[in-house]
Peer 1: 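Handing you this structure, nothing more for now.
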Amino acid sequence: MLLKLLKYDFRAMWKQFSLIWGAALVLALVNRFTLFRDIGYDIISNSSLLTLAFMGVVIAMIVLSVSFVADRFSKGLLGSEGYLMHTLPVWPWQLVASKLICGVVTWMISGAVAFVSPFLMAPMDWSILMEFGFWRDIMRGLTQRPDTLLLLFEFCLMVVAVMLQFIASIYLALSIGHLLPRYRRLGSVASFIGLYILLVNLYSRVFSAHVVRALLDVTTSNVYGSLLTAIATLLIPAALFLAAVCWILNHKLNLE
Amino acid sequence: MSDYLIQCRGLYKSYGLRPALRGVDLAVGPGRIVGLLGPNGSGKTTLIKLLCGLIQPTTGTLAVDGSAIGPYTKSMVSYLPDRMYFASWMKAVDLFDLFRDFYADFEYEKAIDMCRSLGVEPRDRLKAMSKGTKEKVQLVLVMARSARLYLLDEPIAGVDPAARDFILRTILTNYNEEGTVLISTHLISDVEKVLDEAIFLKEGKIMLHETVDNIREKEGKSVDALFREIFRAEPMEGGGF
């Protein structure tokens, strides 16, 4: 059932983002052919306009990505669309997991588009990318130390953990706001701020405990352990937040 | 499998301090067309939403086919809400795909045929459809299932008498006859002729739950006439209510 929900959520994501991802990539490509040729002194030259358009699209993409995550959850599960989603024969955790996975993937693709676009714009020789030697050198560099790939993998995991914690906070804040009889949006914003204050306080208290500090000394003795510890530190509150979201949807759902 | 499709015991639901249902005890068997009748604010929508799992009871128990509300009961319930639940990007066929994926009893071809007979183009964007057409799509989604329990929340409210007949005909010619249909409405005269049972709800309590034949036999009047008698509002002196 989770896969079926994912199919539906990914379709919603594609409908919303295919245009903006495409626009960002196309504008980056267009800029590649105009940006480094136009050296006129007009402030509003063609290249400036295209660069501005590109920046606008990238900023819109970032804003849309954040609002997409909040919107899909609040409208999809706590708003009118919830009448459809909550009558499907699935458990609430599956609804949340589907939205969460789709949100993380959306952010990852948006991040990838934002990362790749400047390379598309740069006046580099693309034929190099087609050469086997180029990729062989990169792979040789990466595998020179056997643990480089592991480090890269752990770093990617940490990025995903940061996203998970942020999205879980948004979901919990929206769910807490949903419990209020009125001023739900205001309640959600206040809850989001409150959750981060709570998180910072909790982290400072937990990490000042002797047992935890002793544990940290052991686990953070090298960079790999430090990254894994950071991932766990991010994922534990994220898991608690998501459990609270599922509990609210299970026991306190109120689609009045 | 339980003898009763719907069972409620001491069901109580309040929104804040305002009670919507107050100690509802109810049992409805399979293969019935039941009218959930009452004036606005009597608790009809609340009871239906509880059966769908869209809201949770404050106290009391609730079961569909002997099971607490969950994925199993949701798989057998076909629900027509009193509002639109579409995402703006969807087409009717997208919804049909979704229903085919999640409900084993959803008949895709029947949905397409029903669209054609209702004059709805299933490949049109829902965003571009009129309110009436969207309502037809929602009706198609509900009635293209061979569900065991149909929960229809005010399906004929807000439409002209000709459209009411049309909607009722669509329901009656498409529902699974082994299943139960629970129709909430306050337009009694329009639905009376198709009902097997009537449930009168007043201020969150069940005033009456009886077969329509028994009502006519015992009371010597139609369900509509009895409803008007029970729910009559007395005008205050001076013309106000």
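Proteins come first, then strands; the chains are lettered A, B, ... in the order of their sequence lines, and each starts at number 1.
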Peer 1: Please check this pair: side chain of Asp25(B) against backbone of Gly10(B), looking for a donor-acceptor N/O pair closer than 3.5 Å.
Peer 2: yes

Peer 1: Find the one option among Asp94(B), Thr73(B), Val77(B), Leu141(B) whose heavy-atom pairs under 4.5 Å with chain A are most numerous.
Peer 2: Asp94(B)

Peer 1: Give, as side chain, backbone, both or neither, the part of Lys15(A) having an atom under 4.5 angstrom from any heavy atom of chain B.
Peer 2: side chain

Peer 1: Does any heavy atom of chain A fall under 4.5 Å from the side chain of Leu98(B), the backbone, both, or neither of them?
Peer 2: side chain

Peer 1: Does NZ or CZ of Arg145(B) fall inside the cone over Phe106(B)'s six-membered ring, less than 6.0 Å from its centre and within 45° of the axis?
Peer 2: no

Peer 1: State plainly whether the residues Lys44(B) and Glu154(B) are in salt-bridge range, i.e. N to O under 4.0 Å.
Peer 2: yes

Peer 1: May I ask you to check whether over 12 heavy atoms, not counting those of Phe153(A), lie within 6.0 Å of atom CZ?
Peer 2: no

Peer 1: Using only atom types and a distance under 3.5 Å, with no angle test, would you say the side chain of Tyr150(B) pairs donor to acceptor with the backbone of Ala147(B)?
Peer 2: yes

Peer 1: Please classify the contact of Lys7(A) with chain B as side chain, backbone, both or neither, using a heavy-atom distance under 4.5 Å.
Peer 2: side chain

Peer 1: Side chain, backbone, both or neither: which part of Met76(B) has a non-hydrogen atom closer than 4.5 Å to chain A?
Peer 2: neither

Peer 1: May I ask you to name which of Met85(A), Gln94(A), His86(A), Glu81(A) has the most heavy-atom pairs under 4.5 Å with chain B?
Peer 2: Glu81(A)

Peer 1: Name the region of Phe86(B), side chain, backbone, both or neither, that has any atom closer than 4.5 Å to a heavy atom of chain A.
Peer 2: backbone

Peer 1: Side chain from CB out, backbone as N, CA, C, O: work out which of these in Tyr79(B) comes under 4.5 Å of a heavy atom of chain A, or both, or neither.
Peer 2: side chain

Peer 1: Can the ring centroids of Tyr171(A) and Phe241(A) be said to lie less than 6.0 angstrom from one another?
Peer 2: no

